[in-house]
Amino acid sequence: MKSEFEIVPLPYALGAEVKCDDVRALSDDAFETIYQAWLDHLALVFKGPALSDPKLMDLARHFGELTTPTPTEYQAKGMKKREEMDFPLINTISNVKGNDGTPIGGLGDGEAQWHTDSSFTNLPFRASVLHALEIPNSWGGETGVLNMYAALETLPKELKTTIQGRTIKNDLSENSVGWRRRGIPDTIDVRVSPGPSHPIIRTHPETGLNTLYLGRRRYAYIHGLPVDESEDALNALYEHACRDEFAYHHDWSVGDILIWDNRCTMHHRNAFDPEARRIMHRAQTKGTVTYYDPVANSRAPHPRSTLAAVH
Ligand code: OGA
Ligand code: MN
């Protein structure tokens, strides 16, 4: 009998496609295997017809308990309020404007810098489940995902020593396209600006392996270092991690679903044709408290981070 699905690893530093006839018809047993494949490959792609929001939420529930997108108090200015939306658990990411001129979703048409979803909250998401409903057919809008196990594995020794055991302030002033959140003052001092702290090297609660956990570059701060040293270390960390060698870039078709693990990846979006319409719906699942277990370093590397260490 033909299996109801097949997992095909992508020829990059992370990612696998789950090939199946209809994601809505997959059994719970299938999802047990698919969940393990997600831990093994960090991001999964499904292809198929566009799903309704309830079906997208059903799929996302296999990757954890659904949680609200950016809480209203952190939403960027000028966006429709969460509680005014049909499905408040669905995040719309779009450059399209409604009849009243208000964007129907976030992030506009510009580049979204490398980031990890909701790292500016105490319990950053486990999974983000991003689904394409309308895609520009001219240019841009690809979404890149990075393998942060591999980034840590290959980190130069001195840089690793600088960050070992330290925490990073995940500033919440701006979203990934540089829009200010509500209520943030004009001048920002990275040492005291609002946002939670998370370990820079983070232990993944399910694989038990350590990964580089950066959040987003803008206004980040490594606690305990003078600001200029923190800036230098952050620049070096981002330069090291945000490389094509560690990335998979997804070129969207309508109906595609990309599910990434926020605990061990970062993602990025290319700018796209402002004349074109792009509409994405995202569901997301609840994470757990971040922590660092120094002993996890001594375990075998993650199977998808087998790149040679550069030090
Ligand atoms: C997100 C995100 C990028 C994109 O959904 O968290 O960053 O490609 N999206 O829309
Ligand atoms: Mn994001």
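Since the structure is predicted, the reported quantities are computational estimates derived from the model, not experimental observations. Computation of the quantities below employed the complete heavy-atom set of this structure, encompassing side-chain atoms and omitting hydrogens, waters and symmetry-equivalent molecules. Every number for a ligand or one of its atoms is a count from 1 in the order of the listing.
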K.L.:
Do Y221 and H223 make the cut of ring centroids closer than 6.0 angstrom?
P.N.:
yes
K.L.:
Considering the heavy atoms of H115, write down every atom of ligand 1 situated less than 4.0 Å from one of them.
P.N.:
7 (O)
K.L.:
Under 6.0 Å from the six-membered ring centre of F272 and within 45° of its axis: does the NZ or CZ of R278 meet both?
P.N.:
yes
K.L.:
Are any of the side-chain heavy atoms of S176 and W114 separated by less than 4.5 Å?
P.N.:
no
K.L.:
For atom 7 (O) of ligand 1, tell me which residue out of R282, H131, H267 has the closest non-hydrogen atom.
P.N.:
H267
K.L.:
Hey, are R216 and D171 close enough for a salt bridge, meaning a charged N less than 4.0 Å from a carboxylate O?
P.N.:
no
K.L.:
Taking only heavy atoms of I93, which atoms of ligand 1 are found under 4.0 Å from at least one of them?
P.N.:
1 (C), 5 (O), 10 (O)
K.L.:
With the threshold set at under 4.0 angstrom, would you say H268 reaches ligand 1 through any of its heavy atoms?
P.N.:
no
K.L.:
Which ligand 1 atoms, with their elements, are less than 4.0 angstrom from a heavy-atom of T143?
P.N.:
4 (C), 8 (O)
K.L.:
Can you tell me which N/O/S atom of D117 has the shortest distance to the Mn ion (ligand 2)?
P.N.:
OD1
K.L.:
Closer than 4.0 angstrom, basic N to acidic O: yes or no for E231 and R217?
P.N.:
yes
K.L.:
Less than 4.0 angstrom from a charged side-chain N to a carboxylate O is my criterion; do R263 and D261 meet it?
P.N.:
yes
K.L.:
Check W260 against ligand 1 and report side chain, backbone, both or neither, counting heavy atoms closer than 4.0 Å.
P.N.:
side chain
K.L.:
Flag the pair E134 and R277 as a salt bridge only when some basic side-chain nitrogen lies within less than 4.0 angstrom of an acidic carboxylate oxygen.
P.N.:
yes
K.L.:
Kindly confirm or rule out an N or O of W252 lying under 3.5 angstrom from an N or O of ligand 1.
P.N.:
no
K.L.:
Does ligand 1 have an atom under 4.0 Å from some heavy atom of F272?
P.N.:
no
K.L.:
Under 4.0 Å from a heavy atom of D117: which atoms of ligand 1 are those, numbered in the order shown and with their elements?
P.N.:
6 (O)
K.L.:
Is it the case that over 12 heavy atoms from other parts of the model lie below 6.0 angstrom from the CG atom of N137?
P.N.:
no
K.L.:
Ignoring angles and geometry beyond distance, decide whether R278 reaches within less than 3.5 Å of ligand 1 through its nitrogen or oxygen atoms.
P.N.:
yes
K.L.:
Among all protein non-hydrogen atoms, which one is nearest to atom 3 (C) of ligand 1, and what is the separation to 0.1 Å?
P.N.:
R269 CB, 3.9 Å
